[in-house]
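One-based numbering along the sequence shown. Quick caveat, the model's predicted, so the values are computed rather than measured. Counting starts at 1 for both ligands and their atoms, following the listed order.
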Amino acid sequence: MYKITLKKELTKDIKLFGVEAPHITHNAKAGNFIVVMPDEKGERIPLTIYDWDREKGIVYMVFQEVGLSTVKLGRLNEGGSIYSISGPFGRHFHVENYGTAAVIGGGVGVPAVFPIARALKQAGNKVNSIIGFRQKDMIILGEEMKSASDSLVTATNDGSYGVKGFVTDALKQMIESGDRPDIVVAVGPVIMMKAVSDLTKNYGIKTIVSLNALMMDATGMCGGCRVNIGGTTKFSCVDGPDFDGHLVDFDGLMSRLTSFKEHETEAMHKCRLDTEEKNG
Ligand code: FAD
Ligand code: FES
């Protein structure tokens with residue numbers, strides 16, 4: 001069991017947890033992920049490592065409640081504990097001095113790019129970040145991204161904060177205004193990563209995305225997280241989750257992500273009924 005030392009509500013359905021897990025912080029690097037089980041009957045939830053305190057042995061994660069397991073996780077409280085945390089998994093992000101880096105996070109992809117932006121800045125890159133959200137009340141980690149970047153643009157789809165539009169609009173403007181990045185890193189909804197990759201392909205800019213393929217064992221054994229990269233099958237959990245965005249078959253990934261939708265909706269519905277029954 002792993003003690004929850006911090007629980008913070010970033011928005012109505014996005015939470016930040018700090019959890020005592022020295023076996024994770026010992027080896028954690030930007031781009032790694034962990035697999036969390038809220039209780040012994042729960043599903044395994046892959047979550048990116050948002051931050052870590054090696055001295056105190058505390059790992060930080062940010063998650064959005066989208067279904068049964070993440071809702072269960074969100075119900076746990078500070079002082080309580082998580083049944084299991086394993087990892088770190090995945091190849092960590094390759095950090096070097098590329099020159100100028102554009103780091104792009106969409107929604108709950110922002111916690112995943114935060115440690116990458118920080119590591120790139122520490123390695124001497126000029127880091128221009130863009131974070132995007134649907135609307136103002138969904139913005140998370142703005143201050144943290146600002147501290148990890150040389151410049152930060154916040155975009156909202158409806159213009160309720162920052163610049164109006166998608167992260168791709170802000171990126172196009174950045175490129176065309178002469179601040180052309182040597183590398184682009186983008187993490188967020190698959191559709192966003194696809195749009196960023198399509199844009200940067202036209203400009204010939206190296207682009208790394210982090211794929212949130214469905215995962216089961218996260219050890220390369222089950223094949224559940226397979227993705228098509230440049231015509232070759234790769235396992236996202238061990239070969240990724242970072243891949244060259246120009247080689248990813250995003251349409252195949254999107255279709256695999258929806259393959260269990262009916263089962264997930266049914267499980268969520270049952271969970272709501274159980275809660276209503278318990279609360280009378
Ligand atoms: P489910 O009932 O399983 O699904 C509910 C809805 O969410 C469905 O519509 C389903 O299609 C969608 N969904 C399920 N799994 C995924 C997925 N892997 N990617 C996108 N949509 C999904 N989420 C965070 O909030 N924060 C993170 O830092 C984070 N990091 C991740 C890192 C990796 C390597 C991977 C593979 C996923 C990551 N995710 C992250 C996504 C997270 O694991 C899923 O949202 C979670 O497993 C959903 O479980 P659930 O039972 O609550 O929902
Ligand atoms: Fe099973 Fe990747 S999750 S092979």
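When heavy-atom distances to ligand 1 are checked against a 4.0 Å cut-off, V190 has no atom that comes that close, whether in backbone or side chain. The backbone and the side chain of C222 each have at least one atom closer than 4.0 Å to an atom of ligand 2 (non-hydrogen atoms only). For F33, every heavy-atom contact with ligand 1 shorter than 4.0 Å involves the side chain, none the backbone. With a 4.0 Å cut-off on non-hydrogen atoms, M221 touches ligand 2 through its backbone and not its side chain.
Some N or O of G67 is nearer than 3.5 Å to an N or O of ligand 1, by distance alone. Any N or O atom pair closer than 3.5 Å counts here, and R44 shares no such pair with ligand 1.
Atom 4 (S) of ligand 2 has G223 N, 3.2 Å as its closest protein atom, hydrogens excluded (heavy atom only).
Distance alone, capped at 3.5 Å, is enough to place a donor-acceptor pair between the N125 side chain and the L120 backbone. D13 places no side-chain N or O within 3.5 Å of a backbone atom of Q64 that could act as its donor or acceptor partner. A donor-acceptor pair is defined here as one N or O able to donate and one able to accept, closer than 3.5 Å; no such pair exists between the side chain of R44 and the backbone of S86. T156 places a side-chain N or O within donor-acceptor distance of the main-chain N or O of Y161, the cut-off being under 3.5 Å.
Atoms of ligand 1 lying under 4.0 Å from at least one heavy atom of M215, given by number and element, are 34 (C), 36 (C). Atom numbering of ligand 1 starts at 1 in the shown order; those under 4.0 Å from a heavy atom of I45 are 43 (O), 46 (C), 47 (O). Close contacts between ligand 2 and A218 involve ligand atoms 1 (Fe), 3 (S) [criterion: under 4.0 Å to a heavy atom]. Counting atoms of ligand 1 from 1 in the listed order, those under 4.0 Å from a heavy atom of F63 are 24 (C), 25 (O), 26 (N). Interface atoms of ligand 2 facing M216, defined by a heavy-atom separation under 4.0 Å, are 3 (S). The G220 neighbourhood of ligand 2 comprises atoms 4 (S), with distances under 4.0 Å to a heavy atom of that residue. The contact set between ligand 1 and L257, taken as ligand atoms under 4.0 Å from a residue heavy atom, comprises 11 (O), 17 (C), 19 (N).
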For this session: Evaluate the side chain to side chain contact (heavy atoms under 4.5 Å, CB included) criterion for residues L257 and L214: first the C-alpha distance (whole Å), next the side-chain angles of each, then the deciding distance (0.1 Å), finally the verdict.
Result: CA-CA 6 Å; L257 277 173; L214 291 175; 3.8 Å; yes
Problem set entry | Working for side chain to side chain contact (heavy atoms under 4.5 Å, CB included), residues N212 and V190 | CA-CA 8 Å; N212 51 349; V190 179; 3.6 Å; yes
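For atom 42 (C) of ligand 1, the nearest non-hydrogen atom from the set P241, P46, P189, C237 belongs to P46.
In this model, no donor atom of one side chain and acceptor atom of the other lie less than 3.5 Å apart for S177 and D179.
The shortest distance between side-chain heavy atoms of Y2 and I24 does not fall below 4.5 Å. Contact annotation: the side chain of V163 never approaches that of D169 to less than 4.5 Å [non-hydrogen atoms, C-beta and beyond]. A 4.5 Å side-chain heavy-atom check between Y60 and K8 finds every atom pair outside the cut-off.
In this structure, A213 counts as a contact residue of ligand 1, since one of its heavy atoms falls inside 4.0 Å of the ligand.
Rounding to the nearest 10°, we obtain 100° for the angle at atom 2 (Fe) of ligand 2 between C237 SG and C225 SG.
Note on ring orientation: taking the six-membered ring where Trp is involved, the planes of F33 and F89 are tilted (angle from 30° to 60°).
In terms of distance to atom 1 (Fe) of ligand 2, the nearest N, O or S atom of D217 is named OD1.
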